[in-house]
Amino acid sequence: MKIIGTGSVLPKKIVTNDMLSEFLDTSDEWISTRTGVRSRHVISDERLEDMATEAALKALDSAGMKAADLDYIICSNVVNEYITPQLSCIIQGGIGATCPCIDINCACAGFIYALQIAESFNIAGTVRNVLIVCAEEPTRMTDWSDRRTCVLFGDGVGAAVLTEGSNIRGFRMSASSATDKLWQYRTLQPTPYITKEEKDVPLQMKGQDVFKFAVKASSTDITRLLKDNGLKASDVDHVLLHQANIRIINAIRDFLGLEDDKFPSNIADHGNSSSSSCPILLDECSRKGLFKPGDRIVMSAFGAGFVSGAVLLEW
Ligand code: UT7
């Protein structure tokens, strides 16, 4: 397939590191040097499903495609206020599409997994036009009195429209179960039969373990992807990495031995917006005119599970 349109929407509330240090034992100095984040967009009175619909319409508009022409909608989402129906069905109604739709939860790697699903459906001959929407509100998962997690995240939606073509050149994906490293637990409705102990637990993270996994998984995925395609790292024009921590991005950059200007980044203004981070960055770079036709782009993401994935695109 090929990506022919992108769109993104951010919540209007911007929270700076100094605003966080008003109620947390933290500082702009600690957060910006350890993570690269200076501010983030945080959901306040918006609803994630409305932002997702708006981002989908922007992506359709930039693709010059009508919702009626879509054959499938894939929504990547970890949490939202609805347990059911799936967010993709809400987006389908919001944009006036009639095609089948599906939600996936692959944490921060959701955009890459969604691209691979779209490409596989297309190869199977079942779809021509696909809308991917990554809609995330990780700021609703963290404990806002826990300085180790809540300072990292921001909310937002990124969307992309794909049609038939040969822009996507290959994938490398991984999953390795490590459920004690990054997790959140929420209780369901009680029943007369529940006897086990249950309690809500906000997002828990073993930060250094996640950091090491992220650098290793992304470096390995990208190396394998390049080898599959007979390319060297220097043959790649742009590397769009999941925006989790600028030190993770720099470590992968050093592993690949590439110049800094091949790694566009928006982490300073957005923080980690989970699976939305890659498509928001793609949309921002595309609208700034960073990509020329024929540019080779690698996108790579990693997250809870653990899961990871990388894709090679030719713009
Ligand atoms: O999408 C994937 C999601 N997650 C990630 O990618 C996260 C990956 N991990 C990381 O980015 C880093 O591990 C963190 C940014 C989470 C933490 O950075 P670190 O350099 O690994 O710090 P640390 O956890 O080793 O903590 C160092 C110190 C500790 O204090 P002590 O025990 O040395 O006294 C922490 O309590 O920094 C303290 N600390 C803070 N201090 C001020 C932790 N968070 C903060 C904070 N402000 N916000």
Side-chain angles (χ1 to χ4, degrees), residues 15-40 42 76-79 104-113 134-156 158 173-184 202-219 221 240-253 255 263 265-268 270-281 299-310:
V15 176
T16 63
N17 293 343
D18 284 337
M19 288 161 76
L20 293 177
S21 50
E22 283 167 20
F23 60 91
L24 281 173
D25 180 14
T26 190
S27 64
D28 176 49
E29 212 264 326
W30 193 97
I31 302 170
S32 53
T33 52
R34 297 283 185 126
T35 72
V37 184
R38 293 189 175 278
S39 63
R40 69 286 288 145
V42 172
S76 162
N77 169 256
V78 177
V79 285
I104 61 168
N105 176 351
C106 303
C108 306
F111 185 58
I112 317 289
Y113 272 80
C134 299
E136 303 283 12
E137 46 184 336
T139 68
R140 306 300 305 277
M141 300 171 67
T142 58
D143 171 356
W144 278 71
S145 65
D146 179 3
R147 67 179 185 174
R148 293 165 306 158
T149 52
C150 74
V151 305
L152 303 173
F153 297 98
D155 305 318
M173 319 298 285
S174 88
S176 58
S177 182
T179 51
D180 63 329
K181 308 290 189 200
L182 185 52
W183 59 280
Q184 182 187 1
L203 193 76
Q204 304 294 304
M205 183 175 69
K206 294 188 174 148
Q208 294 190 359
D209 290 346
V210 179
F211 192 109
K212 285 180 206 148
F213 163 78
V215 175
K216 186 158 184 237
S218 181
S219 303
D221 289 344
L240 275 62
L241 298 178
H242 171 44
Q243 303 289 294
N245 185 323
I246 196 69
R247 292 188 293 134
I248 294 177
I249 296 170
N250 292 345
I252 298 165
R253 178 202 61 197
F255 174 85
F263 291 76
S265 173
N266 60 15
I267 190 166
H270 296 323
N272 176 348
S273 57
S274 190
S275 73
S276 303
S277 117
C278 278
I280 291 173
L281 185 60
M299 301 183 80
S300 167
F302 38 81
F306 291 129
V307 291
S308 75

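For clarity, every value in this text was computed on a predicted model and none was experimentally measured. Side chains are part of it too, since the values below use all heavy atoms of this structure and drop only hydrogens, waters and symmetry mates. Counting starts at 1 for both ligands and their atoms, in listed order. Starting from 1, each residue takes its place in the sequence as its number.
Among all heavy-atom pairs drawn from Arg40 and Phe153, the shortest one is CG-O, 3.1 Å. Ser308 approaches Ala109 most closely through the heavy-atom pair CA-CB, 4.2 Å. Scanning both residues, Gln184 and Leu203, for their nearest heavy atoms gives CG-N, 3.8 Å. Taking every heavy atom of both residues into account, Ala301 and Ile112 meet most closely at CB-CG1, 4.1 Å. Ile246 and Ser265 get closest at one heavy-atom pair: CD1-OG, 4.0 Å. The minimum heavy-atom distance linking Ser276 with Gly156 is given by the pair OG-O, 2.8 Å.
A side-chain hydrogen bond (donor to acceptor under 3.5 Å, both in side chains) with Glu136 is found for exactly one of Ser275, Ser277, Ser273, namely Ser275. Of the options Leu20, Val37, Asp18, Thr33, a side chain to side chain contact (heavy atoms under 4.5 Å, CB included) to Asp28 is made by Asp18 and by none of the others.
Proximity to His242 (heavy-atom distance under 4.0 Å) selects the following atoms of ligand 1: 1 (O). Close approach to Val151 involves these atoms of ligand 1, each under 4.0 Å from a residue heavy atom: 48 (N). Every atom of ligand 1 with a heavy atom of Arg34 under 4.0 Å away is listed here by number and element: 19 (P), 20 (O), 22 (O), 27 (C).
Given atom 44 (N) of ligand 1, the protein heavy atom at minimum distance is Trp30 CH2, 3.3 Å. Among all non-hydrogen protein atoms, the one lying nearest atom 10 (C) of ligand 1 is Asn245 ND2, 3.6 Å. The protein heavy-atom contact nearest to atom 16 (C) of ligand 1 is Met205 CE, 3.7 Å. With respect to atom 5 (C) of ligand 1, the closest heavy atom belonging to the protein is Val210 CG1, 3.6 Å. Among protein heavy atoms, atom 9 (N) of ligand 1 sits closest to Gly207 O, 2.9 Å. Nearest protein heavy-atom neighbour of atom 6 (O) of ligand 1: Ala244 CB, 3.4 Å. If you check which protein heavy atom lies closest to atom 25 (O) of ligand 1, you get Gln208 NE2, 2.6 Å.
Protein heavy atoms all stay at least 4.0 Å away from atom 31 (P) of ligand 1. In this structure, atom 41 (N) of ligand 1 has a protein heavy-atom contact shorter than 4.0 Å.
Proximity of a side-chain donor or acceptor of Arg38 to a complementary backbone N or O of Ser32 within less than 3.5 Å is not detected.
Ring geometry for Phe302 versus His242: interplanar angle over 60°, hence perpendicular rather than tilted (30 to 60°).
Using a 4.0 Å cut-off between heavy atoms, Asn272 contacts ligand 1 through its side chain alone, with no backbone atom that close. With a heavy-atom cut-off of 4.0 Å, Thr26 touches ligand 1 through backbone and side chain alike. Of the heavy atoms in Ile248, only side-chain atoms (C-beta onward) come closer than 4.0 Å to ligand 1.
Rounding to the nearest 0.5 Å gives a distance of 11.0 Å between CZ of Arg148 and NZ of Lys206.
The closest non-hydrogen atom to atom 35 (C) of ligand 1, taken over Lys206, Arg147, Lys181, Glu29, comes from Arg147. Considering each of Arg148, Arg247, Gln243, the one bringing a non-hydrogen atom nearest atom 18 (O) of ligand 1 is Arg247.
For ligand 1, the polar-atom distance check finds no N/O of Thr35 at less than 3.5 Å from any of the ligand's N/O atoms. Ligand 1 has no nitrogen or oxygen under 3.5 angstrom from a nitrogen or oxygen of Gly303.
Around the CZ atom of Arg140, the shell of radius 6.0 Å holds no more than 12 heavy atoms that belong to other residues, nucleotides or ligands.
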